[in-house]
Colleague: 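The structure under discussion is supplied below as structure tokens; questions concerning it will follow.
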Amino acid sequence: MDRVAPFQRYFTLSQSQNPIKPKKVSPASVALGPALISPATQLSNLSLSYSWSHLSPSPAFHFSDDLKEVNSLESVKVLHARLLKMSNSWSSDSMTKSLISSYVKFNDFRAATTIFFVGFARNYVFWSSFLDELQSCGGQTRRVLEVFGELCGKGVVFDGKVLTLVLKMCASLMDPWLGLQIHADLVKKGFDLDVHLKCALMNFYGRCWDLESANQVFNEMVEKKELAWNEVIMLNLRNERWEKAMELFRGMQFSCAKAYASTVAKLLHCCSKVGALEEGKQIHGYVLKFALGSDLLVSNSLINMYSRNNRLELARRVFGLMQDHNLSSWNSIISAYATHGYLNDAWNLLKEMESSDLKHDIITWNCLLSGHALHGSHKAVLKIFRRMQVVGFRPNSSSITSVLQAVIELGILKFGREIHGYVIRNELDYDAYVVTSLLDMYVKHNDLGKAQAVFSCMKSKRNIVAWNTLISGYSFKGLFDDARKLMNEMEEEGITPDLVTWNSLISGYSMWGQGDEALGLIHQVKSSGMSPNVVSWTALVSGSSQNGSYMESLEFFSQMQREGIRPNSVTLSSLLRNCGGLSLLQKGKEIHSFSIKNGFIEDVFVATALIDMYCKSGNLKAAYEVFERIENKTLATWNCLIMGFAIYGLGKEVVSLFEQMLGADIIPDAITFTAVLSGCKNSGLVNEGWKYFDSMSSDYGIIPTIEHYSCMVDLLGRAGYLDEAWDFMQSMPLKPDATIWGALLGSCRIHKNIQLAEIASKKLFELEPYNSANYVLMLNLYAMFDRWGDVERIKDLMSDIGVKNGQVWSWVEIDQIIHVFCAGENHPDEGEIYYELYHLVSEMKKLGYKPDVKCVYQNIDDSEKEKVLLSHTEKLAITYGLVKSRSITPIRVIKNSRICPDCHTAAKYMSLVKNREIFLRDGSRFHHFSEGKCSCNDCW
């Protein structure tokens with residue numbers, strides 16, 4: 001009984017089993033004292049300081065004139081008393097409203113509410129204005145329910161309209177017990193419930209108790225009218241009971257009741273949210289059948305539904321068939337095109353909107369901002385941001401989050417700090433999304449100190465998203481102790497870590513090469529009562545892949561499959577990165593097939609990862625075929641294919657692709673130019689290289705980075721313009737780093753410029769004292785000139801510093817088995833390999849092959865050097881592939897270091913003698929050998 005106690009203070013209902021006959025009560029008979037509601041009320045019950053016996057009816061009484069003289073609560077009571085004496089003058093609702101307003105004005109909320117309930121609660125418009133007036137003067141809405149209970153306790157019986165409004169108040173104030181008692185009393189008295197009262201009961205149960213009870217009220221209705229159908233559908237939709245709502249909608253149609261436009265719009269919104277395209281189409285059919293298309297709310301909802309379900313053409317058709325468009329219609333279609341990456345079309349729609357004499361609002365600009373941010377046009381985001389301010393719009397929290405995303409991607413922390421200042425000045429730091437975006441910006445820019453300061457000064461309540469953002473920042477930086485400490489503080493504040501928290505730690509450990517610790521966290525998640533999901537396992541797979549631990553990543557994926565977790569598009573993208581990193585073409589093809597069967601091939605990220613995998617696995621044709629099938633090609637997609645052609649040395653094709661990209665209105669970024677310049681340097685396209693390097697800043701406003709300068713030095717050096725390369729290095733605004741000097745040293749080896757090579761190597765030995773590749777290049781160069789004293793000097797230098805030659809290996813995949821050939825290690829089929837290789841070299845020599853003994857930096861005779869050349873791992877791997885694979889299958893070899901000139905020449909002859917295609921991926925690029933030629937045209 002303790003739980004029932006609360007509604008006793010409001011409402012003492014009659015215990016009689018028979019319905020109470022309502023007392024006839026009028027506003028003129030309402031006493032404001034505690035005891036009575038009837039015409040027979042003793043006047044002494046009114047707590048007035050005036051004697052009512054002195055008041056007598058007067059023909060001179062004018063309510064409006066006397067109302068003007070009211071200046072205190074006592075004067076209101078006097079006026080009320082005169083109305084009670086002169087009940088004949090109580091002639092209009094306006095008098096009642098004025099009297100109520102007067103009591104409210106002087107804070108006698110109980111009196112105002114009592115009068116309102118008894119004589120004025122029939123009109124919902126007046127009811128709403130009364131509540132607004134009450135709240136504006138400091139009155140509490142809950143007090144209205146208390147007065148209602150008091151009146152009921154004194155025997156006043158209200159009709160369905162009043163009870164409907166009271167039940168709505170119970171629902172609004174989440175007062176479950178009073179509403180429940182009202183329902184019980186109605187059932188007990190056999191009160192005839194009209195449809196409005198039934199709907200109010202459904203709404204009350206849906207908000208204060210549970211949806212099943214609300215649905216039960218509906219199911220118990222003998223006659224279900226349109227209002228009830230619409231109300232129960234809306235209740236289920238608001239509670240995210242999508243399937244039940246659709247079931248009710250179908251039942252509604254069988255009952256011949258008609259859905260309201262607002263109900264249809266809400267149903268379409270849910271179709272957008274849950275991706276229910278077929279159901280959305282059915283509702284569209286209903287809209288056409290009942291001519292609801294003229295309703296702008298419904299048409300706008302149709303546009304959003306088709307857009308969210310990736311049917312942009314249908315969204316545009318709906319928009320085109322609309323007879324009238326409001327601002328929301330234009331915003332919906334502009335948002336649809338911007339969200340799907342059709343940014344030029346979005347701008348064209350904006351121009352159409354302006355020509356229709358309809359002015360855009362802040363939502364229009366935010367649609368454009370978010371669309372450009374979503375599709376990587378980050379510089380355009382900043383331009384839109386400035387433009388919207390020029391035309392007079394103040395950015396709101398939604399604008400700021402899009403701009404901060406662009407700031408993060410462009411790496412312009414200085415501008416991000418300016419945005420932070422704007423946020424503070426305009427008090428937007430109350431918004432959790434804005435603050436979380438600021439946190440993310442500082443985390444992504446490696447400014448964890450500032451991120452921590454923003455987090456500590458948050459005005460809004462620190463939600464789990466903010467905690468997770470900062471924890472992920474520490475985790476991704478490898479500061480796991482700090483991340484764990486923050487996680488403990490989070491728990492102390494009563495926030496339980498969720499899967500996102502754990503997943504950020506898993507990803508961090510995995511990215512930093514601590515796979516065992518990351519896997520241990522997976523088990524820890526299980527022990528905490530949660531189930532690791534696809535994101536958890538993908539964090540493990542992806543982190544290892546980003547760290548270059550491709551085999552470990554594939555092993556984690558195998559464990560993921562054993563756990564019964566189905567991969568998502570991010571998982572597949574990571575797996576394809578693994579296959580590309582290891583050139584596992586067959587495994588990559590299997591993932592490609594899986595993507596097609598499971599509908600992932602439409603995902604642009606998966607498609608881009610497929611292009612990357614095929615490029616790195618030596619199947620450029622398949623990469624291009626995947627590229628051609630992508631309808632909405634992103635900048636990343638173009639960059640991936642351009643870089644693929646570049647690493648094959650197909651410079652002219654790279655230039656052609658770049659021009660096609662520009663023709664498709666895709667704006668290049670710094671990565672694009674790195675790919676284009678790489679294509680030029682790998683093909684010796686000096687003029688084209690200069691052209692695109694100069695256009696970076698002049699045409700696109702992109703400041704060249706060290707990678708671009710390195711490409712230019714490499715391009716000039718490989719082409720034999722070593723002096724120009726040197727002058728270029730001296731004039732560049734950035735200090736040359738190891739990549740620049742390494743490019744120069746590689747060019748010196750090609751063109752045998754030992755003087756410039758010695759300058760470059762000296763710098764490299766300072767910058768990278770433990771990089772054995774630089775020492776090996778000098779050893780080769782000195783050996784070419786028979787400067788064996790310098791060879792020994794370099795060897796001694798390496799010994800003194802402690803530099804050891806890295807493990808050199810090559811491998812070939814045959815029947816999905818990887819065969820590795822390491823320098824200094826034997827292979828089980830070594831005898832068979834060398835036997836075949838000797839015969840192969842003999843045939844090659846007949847065609848003109850001459851071993852390049854200059855590639856051996858040992859001071860031995862030439863015959864011994866030829867034997868050494870035979871032991872190079874790439875030759876062994878190619879030979880093994882020729883012996884063990886089918887005669888039509890291309891040989892695909894991976895080498896972890898740069899291929900030597902002799903092996904490059906030998907591979908060309910092998911392809912000619914055996915009439916086989918050979919793909920060799922070395923430490924810097926791809927070589928495709930066919931019919932005695934290489935795709936690099938010896939420009940490597």
Side-chain angles (χ1 to χ4, degrees), residues 548-552 554 578-587 616-618 772-773 776-777 779-780 804-844 849 851-853 855-858 860 864-887 889-911 913-914 916-929 934 940:
S549 304
Y550 301 124
M551 294 304 294
E552 182 183 59
L554 291 172
N578 295 333
C579 295
L582 296 171
S583 289
L584 299 176
L585 180 62
Q586 190 57 42
K587 181 64 71 175
K616 292 178 178 177
S617 299
S772 61
V776 171
L777 272 175
L779 287 172
N780 285 332
K804 294 182 179 180
N805 281 332
Q807 181 72 43
V808 178
W809 50 258
S810 299
W811 61 259
V812 61
E813 181 184 4
I814 299 172
D815 297 330
Q816 298 196 49
I817 298 175
I818 294 175
H819 298 269
V820 182
F821 297 85
C822 294
E825 295 183 12
N826 296 328
H827 188 275
D829 297 321
E830 187 177 84
E832 184 182 3
I833 296 169
Y834 276 107
Y835 178 80
E836 178 64 26
L837 185 54
Y838 275 114
H839 283 280
L840 188 56
V841 169
S842 177
E843 292 294 319
M844 289 159 53
Y849 167 67
D852 187 356
V853 295
C855 293
V856 179
Y857 52 85
Q858 294 173 315
I860 53 180
E864 292 299 318
K865 288 182 178 181
E866 287 190 29
K867 293 179 182 178
V868 172
L869 289 174
L870 288 176
S871 66
H872 281 196
T873 59
E874 55 265 55
K875 284 193 184 77
L876 299 176
I878 293 172
T879 304
Y880 193 70
L882 291 170
V883 171
K884 296 295 184 181
S885 63
R886 291 173 295 175
S887 59
T889 307
I891 308 299
R892 302 178 190 277
V893 174
I894 311 300
K895 180 177 171 64
N896 70 332
S897 59
R898 188 183 180 93
I899 186 174
C900 78
D902 178 70
C903 289
H904 188 268
T905 303
K908 289 192 289 185
Y909 277 99
M910 288 177 174
S911 70
V913 171
K914 292 295 185 179
R916 298 282 290 276
E917 286 186 281
I918 300 171
F919 291 91
L920 191 146
R921 174 181 165 187
D922 69 8
S924 60
R925 59 175 295 168
F926 263 95
H927 300 270
H928 177 200
F929 302 97
C934 179
W940 60 282

Colleague: Could you check whether any side-chain heavy atom of Leu584 comes within less than 4.5 Å of a side-chain heavy atom of Tyr550, counting everything from C-beta outward?
Modeller: no
Colleague: To the nearest 0.5 Å, tell me how far Glu552 CD sits from Asn578 CG.
Modeller: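 The distance works out to 10.0 Å.
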Colleague: To the nearest 0.5 Å, how far apart are NZ in Lys875 and CG in Leu870?
Modeller: 6.5 Å
Colleague: To the nearest 0.5 Å, what is the distance between CE (Met844) and OH (Tyr909)?
Modeller: 8.0 Å
Colleague: His927 vs His904 aromatic rings, parallel, tilted or perpendicular, using cut-offs 30° and 60°?
Modeller: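 His927 and His904: perpendicular rings.
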Colleague: Could you please spell out the steps behind the salt bridge (charged side-chain N to carboxylate O under 4.0 Å, His left out) verdict for Glu836 and Lys914?
Modeller: CA-CA 12 Å; Glu836 178 64 26; Lys914 292 295 185 179; 3.3 Å; yes
Colleague: For the CD1 atom of Ile891 and the CD1 atom of Ile918, what is their distance to the nearest 0.5 Å?
Modeller: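 Here the interatomic distance stands at 6.5 Å.
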Colleague: Indicate yes or no for a side-chain donor-acceptor contact from His872 to the backbone of Glu874 under 3.5 Å, with no hydrogens or angles considered.
Modeller: no
Colleague: Taking the side chain as every heavy atom from C-beta outward, state whether Ile878 and Phe929 have any atom pair closer than 4.5 Å.
Modeller: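 No, side chains not in contact.
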Colleague: Considering all heavy atoms of both residues, which atom of Ser871 and which atom of Leu876 are nearest to each other, and what is their separation?
Modeller: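 Residues Ser871 and Leu876, closest heavy atoms: O-CD1, 3.7 Å.
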Colleague: Under a 3.5 Å distance rule, please check whether Asp922 uses its side chain to pair with a backbone N or O of Arg925 as donor and acceptor.
Modeller: yes
Colleague: For the backbone of Ser885 and the side chain of Thr889, can you confirm whether one donor and one acceptor N or O come within less than 3.5 Å of each other?
Modeller: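 No.
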Colleague: Side-chain contact, heavy-atom cut-off 4.5 Å: Arg921 with Lys895?
Modeller: no
Colleague: Determine whether the aromatic ring centres of residues Phe919 and Phe926 are separated by less than 6.0 angstrom.
Modeller: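 No, the ring of Phe926 stays outside the 6.0 Å limit from the ring of Phe919, centre to centre.
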Colleague: Can you name the residues that form a ring-ring contact (aromatic ring centres under 6.0 Å, His included) with Tyr838, not counting sequence neighbours?
Modeller: none
Colleague: Tell me the closest heavy-atom pair linking Lys616 and Ser583, and the distance in Å.
Modeller: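 For Lys616 and Ser583, the tightest heavy-atom pair comes out as O-OG, 2.7 Å.
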Colleague: Determine whether Ile860 and Val868 satisfy the following criterion, side chain to side chain contact (heavy atoms under 4.5 Å, CB included), listing intermediate values before the conclusion.
Modeller: CA-CA 10 Å; Ile860 53 180; Val868 172; 4.1 Å; yes
Colleague: How close do Arg892 and Val812 get, counting heavy atoms only, and between which atoms?
Modeller: O-CG2, 3.4 Å
Colleague: Test Trp811 against every option in Ile894, Val893, Thr873 by the side chain to side chain contact (heavy atoms under 4.5 Å, CB included) rule and name the one that passes.
Modeller: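 The passing option is Ile894.
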Colleague: Could you tell me which non-hydrogen atom of Lys908 sits nearest to which non-hydrogen atom of Cys934, and how far apart they are?
Modeller: CD-N, 4.0 Å
Colleague: Taking the side chain as everything from C-beta on, heavy atoms only, tell me whether Ile833 gets closer than 4.5 Å to Val883.
Modeller: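 No, their side chains stay 4.5 Å or more apart.
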Colleague: Which heavy atom of Ser617 sits nearest to which heavy atom of Leu585, and what is that distance?
Modeller: CB-CD1, 3.8 Å
Colleague: Under 3.5 Å, side chain of Asp902 to main-chain N/O of Asp852, donor-acceptor pair present?
Modeller: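 The answer is yes, because a donor-acceptor pair under 3.5 Å joins these two groups.
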Colleague: Any non-hydrogen side-chain atom of Thr879 less than 4.5 Å from a side-chain atom of Met910?
Modeller: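 Thr879 reaches Met910 side chain to side chain.
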Colleague: Any non-hydrogen side-chain atom of Glu832 less than 4.5 Å from a side-chain atom of Lys884?
Modeller: yes
Colleague: Mind checking whether Arg916 and Ser911 have side chains closer than 4.5 Å, heavy atoms only?
Modeller: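 A side-chain contact is absent here, since even the closest heavy-atom pair is not under 4.5 Å.
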Colleague: Using side chain to side chain contact (heavy atoms under 4.5 Å, CB included) as the criterion, list what pairs up with Ser772, not counting sequence neighbours.
Modeller: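 Per chain and number, Ser772 pairs via side chain to side chain contact (heavy atoms under 4.5 Å, CB included) with Val803, Asn805.
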Colleague: Under 4.5 Å between any side-chain heavy atoms of Phe821 and Trp809, yes or no?
Modeller: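 Side-chain contact under 4.5 Å: no.
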Colleague: In Å, rounded to the nearest 0.5 Å, how long is the span from CD1 of Ile818 to CE of Met551?
Modeller: 5.0 Å
Colleague: Among all residues two or more places apart in sequence or in another chain, which pass the salt bridge (Lys or Arg N to Asp or Glu O under 4.0 Å) test with Glu917?
Modeller: none
Colleague: Closest approach of Gln807 and Glu825, non-hydrogen atoms and distance?
Modeller: NE2-OE2, 4.2 Å
Colleague: Measure the spacing between CG of Leu869 and SG of Cys900 and express it to the nearest 0.5 Å.
Modeller: 6.5 Å
